[in-house]
Number of protein chains: 2
Amino acid sequence: MYYDKIGVTVDIVIFTIKNDDLQVLLVKRKMAPFKDQWAIPGGFVRKEESLKNAARRELEEETGVKDVYLEQLYTFGKPKRDPRGRIVTVAYYALISSNRIIKPIAKTDVYEADWHSMYHLPKKLAFDHDHILDYALQRLRYKLEYTTVGFQLLPKKFTLTELQKVYEIILNKKLDKRNFRKKIASLNVLIALNETKMEGAHRPARLHSFKEKKFIFPKGVI
Amino acid sequence: MYYDKIGVTVDIVIFTIKNDDLQVLLVKRKMAPFKDQWAIPGGFVRKEESLKNAARRELEEETGVKDVYLEQLYTFGKPKRDPRGRIVTVAYYALISSNRIIKPIAKTDVYEADWHSMYHLPKKLAFDHDHILDYALQRLRYKLEYTTVGFQLLPKKFTLTELQKVYEIILNKKLDKRNFRKKIASLNVLIALNETKMEGAHRPARLHSFKEKKFIFPKGVI
DNA sequence: GCAAAAGTGTTCAATGTACACCCATGC
DNA sequence: GCATGGGTGTACATTGAACACTTTTGC
């Protein structure tokens, strides 16, 4: 049976919260196409690995981090999106707690890698990666409100103020402290620890941890 | 540059409401693999067409219908999902008003095509198509509640009772007539026509039409 | 004692849910 | 006149939004 074969890549939008900012990992390409432009990390899917494993492999190559929240975003496949030929990309996004990352790893001489603020991205990204980032931010914001993905961006122990900051940074708006805490409490997914965190000349904040190993999704939410 | 090339298909879950039932179009394979098993219609993406166009082409080949609501669902790509080799499939789902379909079209001698109730599917479908259908139903139910996709399953003019029936069939539960109408009214997307529909020995029902050409999605909902 | 962030409740508005009767028609 | 589905409103519960003061600490 004959059919056209097509290159399949995975591209990964890797989010983290750094310096009170929503940041995304970009790589600067040192080879054509789009030489010297910033892009989302990604690579070809190998014959014997699943899409998700390909994404996990790329993610680990870039960040050195395993066991990360990783979710398929969308598949982009316009015929001309890659000048090298017909290439379809399955986009994923990942959420990493900033404390887990020391430094992004640039793959040997292929490119450099660095964090960029989602709110001040380089002008024009390679391929259709502007579009992918747009879409990823939309999805992240959406899921933040209806699921507990936000917890993935924090270390195991965190204060409620830190959690609120994550929400504020991603949604890009101030939230009311009392309403926020009421909402989080109603989810019933946090354990209040008998530990506090001191930081500056004020009352110490109670540390909390996330109850569930697994994330909680309202039924049908993707 | 070397990379593994992979076959890319689109598979389409085509939903309609027929005989007060949520039905999906399946094709019976006449060739290996999965000979004589039912499958979702689909086919290989051609070199020069976008994923969505490939899906539209397949959809039209099966049903003869154009201008259909069509949305990307998810991309499935486990290495062993197709015994012929490494094939990744981008799944779509489509919603068709039953009045637009006369009869599904079986592609010449490749297979036969027929509608099946989502609630009484054949035992074991080809490939991972059970899983794809599961996922499609979840997505459909989810979007039904937060968007106006449901209107795509009705003809241009419809009664509120017909609309309610669509919701009840898909969600598989009874809804309260007054609350349903209040909710629909609050969406503000229907035009009450000066026409009625007589059907049986009772008060005729007012016909309505959908206001928007475009579908309405709350921001961020995918 | 004062600066700084932590922590905590109440009121009001909007939305969702439960529930029952009259209306227009064909026969 | 009766059987059938069409059409309508109100009371209550739940959820979301606005809003201000006391507590604990370091200096």
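In what follows, chains are A, B, ... by sequence order, proteins preceding strands, each numbered from 1.
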Checklist entry - Base, sugar-phosphate alone, or nothing: which one does Arg181(A) contact when heavy atoms must sit under 4.0 Å apart? => result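 Result for Arg181(A) = base.
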
Item to check | Separation of atom CG in Asp20(A) from atom P in dA5(C), rounded to whole Å | outcome: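 It is 12 Å, rounded to the nearest whole Å.
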
Next on the checklist: Just the rounded figure in Å: distance from P of dT17(C) to CG of Leu171(B).
Outcome noted: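 Going from Leu171(B) (CG) to dT17(C) (P), I get 12 Å.
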
Item to check | Pairs touching residues 174-197 of chain A that satisfy ring pair (Phe, Tyr, Trp, His ring centres under 6.0 Å), sequence neighbours left out | outcome: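 For residues 174-197 of chain A, and leaving out neighbouring residues, the ring pair (Phe, Tyr, Trp, His ring centres under 6.0 Å) pairs sorted by first residue read Tyr167(A)-Phe180(A).
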
Next on the checklist: Is Thr161(A) close enough to dA6(C) that one of its side-chain N or O atoms is under 4.0 Å from OP1 or OP2 there?
Outcome noted: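 Result: yes.
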
Next on the checklist: With nearest nucleotide decided by heavy atoms, which residue, Ala201(A) or Ala201(B), maps closer to the 5′ end of DNA chain C?
Outcome noted: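 This one resolves to Ala201(A).
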
Item to check | DNA chain D: 5'-proximal contact among His208(B) and Pro204(A) (nearest heavy atom) | outcome: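 Nearer the 5' end of the strand: His208(B).
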
Next on the checklist: Do Thr75(B) and Tyr74(A) have side chains that approach each other closer than 4.5 Å (heavy atoms only, starting at C-beta)?
Outcome noted: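 With C-beta onward as the side chain, the pair stays apart.
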
Checklist entry - If every non-hydrogen atom of Val13(A) is compared with every non-hydrogen atom of Leu133(A), which pair is closest and at what distance? => result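 So the minimum-distance heavy-atom pair works out to CG1-CD2, 3.5 Å.
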
Checklist entry - Which class fits the ring pair Tyr93(A) and Phe15(A): parallel under 30°, tilted 30 to 60°, perpendicular over 60°? => result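 Correct class here is perpendicular.
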
Checklist entry - From dG6(D), dG26(C), dG26(D), pick the nucleotide closest to the side chain of Ala205(B)? => result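 Taking heavy atoms from C-beta onward, the closest nucleotide is dG6(D).
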
Next on the checklist: Taking Glu71(A) first and then Lys143(A), would you say they form a salt bridge - that is, a charged N and a carboxylate O separated by under 4.0 Å?
Outcome noted: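 Salt bridge between Glu71(A) and Lys143(A), a charged N being under 4.0 Å from a carboxylate O: yes.
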
Next on the checklist: Quiz question: by atom type and distance under 3.5 Å, do the side chains of Thr161(A) and Arg206(A) form a donor-acceptor pair?
Outcome noted: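 There is no such pair between these side chains.
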
For nucleotides 19-23 of chain D, which of its nitrogen or oxygen atoms have a protein nitrogen or oxygen under 3.5 Å away, and what is each distance?
| from | atom 1 | to | atom 2 | distance (Å) |
| --- | --- | --- | --- | --- |
| dC19(D) | N3 | Arg178(A) | NH2 | 3.4 |
| dC19(D) | N4 | Asp176(A) | OD2 | 3.2 |
| dA20(D) | N1 | Arg178(A) | NH1 | 3.4 |
| dT23(D) | O2 | Arg203(A) | NH1 | 3.4 |

